[in-house]
Number of protein chains: 2
Amino acid sequence: MQNKIDLTIFRHGTGLLPSVSVDCVIFGFHDSQLKVLLLQPKGSCNKMLPGGFVQLSESLNEAAQRVLQERAGVKEIYLEQFYTFGAPNRTDDTIHKRYFNTIPIDLDENDWILKRFVSIGYYALTDFTKVKPTPDVLSDSCDWYDVYQLSELAFDHQEMVERALKTLRSKLDSDLVGFNLLPEVFTMQDLQNLYETILNEALLRTNFQRKILNLNILERLEKKMTGAANKAPYLYKFKK
Amino acid sequence: MQNKIDLTIFRHGTGLLPSVSVDCVIFGFHDSQLKVLLLQPKGSCNKMLPGGFVQLSESLNEAAQRVLQERAGVKEIYLEQFYTFGAPNRTDDTIHKRYFNTIPIDLDENDWILKRFVSIGYYALTDFTKVKPTPDVLSDSCDWYDVYQLSELAFDHQEMVERALKTLRSKLDSDLVGFNLLPEVFTMQDLQNLYETILNEALLRTNFQRKILNLNILERLEKKMTGAANKAPYLYKFKK
DNA sequence: CCAAAAGTGTTAAGGGTACACCCATGG
DNA sequence: CCATGGGTGTACCCTTAACACTTTTGG
């Protein structure tokens with residue numbers, strides 16, 4: 001199921017906001033690893049975040065949503081802006097031109113796409129199991145990668161991931177945003193695992209349980225018999 | 001002491017990053033009022049935040065610094081990015097064109113300046129007594145206005161002020177950023193006044209004092225004899 | 001019965017809140 | 001001595017941290 005991308009949008013003056021792009025940092029969780037969604041562009045470029053340009057008629061948020069769907073096949077996801085990146089050298093000319101020369105359209109040598117632009121960073125958290133990453137025609141692959149084991153990324157995308165992660169950590173408690181990363185039902189250990197992975201630090205099991213339960217946002221379901229020689233944990237789900 | 005602004009920078013293709021601007025929300029404090037710095041543009045336009053465009057060679061932060069100095073005469077101030085505004089209709093065409101037609105240069109009807117652009121919001125806090133607001137050639141005045149008594153502002157600048165204020169409130173405790181708004185020495189009541197004004201709520205005098213002193217960031221100086229028939233308060237200054 | 005993991009209780013420390021109380025100042 | 005406002009003490013509650021204890025599960 002290949003996504004279509006209208007390459008005409010890359011042409012200058014045909015409905016794109018010059019000098020502005022959006023990049024999406026999408027977090028998922030699997031195998032006790034915090035993952036981020038990356039594209040492998042065709043050619044020998046480093047991996048990059050799914051990003052793209054803003055159409056004249058859409059808001060930045062809408063652009064982020066559309067770009068994420070077109071480039072990675074991920075839709076219906078709540079994205080939040082976290083920072084805007086605007087260092088003058090953030091799009092290194094060589095890599096940059098090499099990348100856009102892989103696109104099979106004519107570009108004027110003076111096209112703004114080949115020059116500096118500003119990028120607005122968006123991030124989101126999603127259930128790993130519900131997403132089928134699908135690369136667009138410009139990319140060889142679209143896959144999840146361990147946030148703590150990233151190889152070098154294109155442009156300033158490494159900095160973007162770091163800053164998104166920092167934002168995620170700071171909002172974890174207040175916005176309870178971490179729950180988006182888990183499936184419908186989960187054990188308390190699953191949740192603690194997630195928290196520990198995001199925060200990159202160990203938490204005390206007993207206090208974590210009390211803290212979460214005191215929030216009164218979880219519904220306790222039946223026990224989960226694992227077959228192991230120990231007490232079976234309860235399953236939980238989010239209250240509506 | 002009139003600031004100079006090089007009007008050639010408004011010309012298309014002469015070194016500006018298309019579609020991108022910065023706007024600065026500068027907070028000050030005086031007479032128990034939280035103030036924000038606004039320009040009154042020439043013509044009948046609503047008041048606006050000091051803002052401007054980004055040169056191809058400078059970072060967004062540098063652009064914010066420069067723009068603030070050029071348009072309001074405020075320099076050497078630490079600005080922090082708080083949000084990027086990108087609604088497609090944020091620069092209403094009519095007001096927008098009217099404003100840029102007051103600038104005494106030729107603009108192509110299709111110039112991006114007359115169309116939609118994205119604006120990166122920066123905010124800062126500064127000692128009211130140390131700033132001499134100086135309007136640029138495009139403005140009749142540059143002055144402080146009570147944040148809680150603002151008349152309607154141009155474009156989406158009202159939303160910008162609100163969001164900057166929200167950011168300020170959330171960082172008040174953790175970053176101790178409020179102290180920037182006070183002069184070198186101050187009383188505990190001055191500081192509490194400031195906090196209450198920013199947070200828009202009353203605080204308990206005794207607890208506020210203890211909380212601040214427990215931070216161990218203040219140096220207690222001699223008392224301040226006010227001439228009033230009551231105990232003289234201590235003066236404090238920030239430890240380095 | 002035992003090991004392992006889940007669940008609950010208990011205690012201490014620290015911060016925030018509310019308020020009572022004492023201290024200086026000038027009339 | 002009094003009114004006024006500045007400064008300190010105290011009791012209470014809630015949250016967090018640390019750890020002991022009990023319960024469940026299958027071998």
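Just so it is clear: chains get the letters A, B, ... in the order the sequence lines come, proteins before strands, and each one is counted from 1.
- Partners of A:P133 according to the side-chain contact (heavy atoms from CB on, under 4.5 Å) rule, which considers only residues two or more places apart in sequence or in another chain, are A:L37, A:V131, A:C142, A:W144.
- Counting only residues at least two apart or in different chains, side-chain hydrogen bond (donor to acceptor under 3.5 Å, both in side chains) contacts with residues 195-205 of chain A comprise A:Q192-A:E196.
- Contacts classified as salt bridge (Lys or Arg N to Asp or Glu O under 4.0 Å) and involving residues 162-186 of chain B (residues at least two apart or in different chains) are given here: B:E80-B:K171, B:D173-B:K211.
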Legend entry - CA sep, side-chain torsions, deciding dist, call: B:V22, B:L68, side-chain contact (heavy atoms from CB on, under 4.5 Å): CA-CA 10 Å; B:V22 293; B:L68 183 59; over 6 Å; no

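- For B:N180, there are no side chain to side chain donor-acceptor pair (under 3.5 Å) partners two or more places apart in sequence or in a different chain.
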Tabulated below should be each protein N or O lying under 3.5 Å from an N or O of nucleotides 8-10 of chain C; please produce it.
unit_1, atom_1, unit_2, atom_2, d
C:dG9, N7, A:R210, NH1, 3.4
C:dG9, O6, A:R210, NH2, 3.0

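- Qualifying ring pair (Phe, Tyr, Trp, His ring centres under 6.0 Å) partners for B:F155, counting only residues two or more places apart in sequence or in other chains: B:H96, B:H157.
- Within the structure, ring pair (Phe, Tyr, Trp, His ring centres under 6.0 Å) contacts touching residues 169-191 of chain A (residues at least two apart or in different chains) are A:F179-A:F238.
- Note on A:K223: only backbone sugar-phosphate atoms sit closer than 4.0 angstrom, heavy atoms only; bases stay farther off.
- Where A:N214 and B:N230 each meet DNA chain D at their nearest nucleotide, the meeting point lying more 5' is that of B:N230.
- At whole-Å resolution of the value, CG in B:L204 and C1' in C:dG15 are 15 Å apart.
- A search for side chain to side chain donor-acceptor pair (under 3.5 Å) contacts involving B:T129 returns B:D127, not counting sequence neighbours.
- Contacts with DNA chain D (heavy atom under 4.0 Å) in residues 181-195 of chain A: none are found.
- Judged purely by atom type and a 3.5 angstrom limit, B:E58 uses its side chain to pair as donor or acceptor with the backbone of B:Q55.
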Output side-chain donor-acceptor pairs under 3.5 Å for residues 229-237 of chain B, partner residues at least two apart or in another chain, one line each.
unit_1, atom_1, unit_2, atom_2, d
B:Y236, OH, B:R220, NE, 3.1
B:Y236, OH, B:R220, NH2, 2.9

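- Each of A:A229 and B:T226 was assigned the nucleotide of DNA chain C with the nearest heavy atom; the assignment lying further toward the 5' end belongs to A:A229.
- Where DNA chain D meets chain B (any atom under 4.0 Å from a heavy atom), the bounding nucleotides read 5' to 3' are D:dA3 to D:dT10.
- When rounded to the nearest whole Å, the span between CG of B:D173 and P of C:dG15 equals 14 Å.
- The side-chain hydrogen bond (donor to acceptor under 3.5 Å, both in side chains) pairs that include a residue from residues 29-39 of chain A are A:S32-A:N193, A:Q33-A:K35, A:Q33-A:D146, where partners are two or more places apart or lie in different chains.
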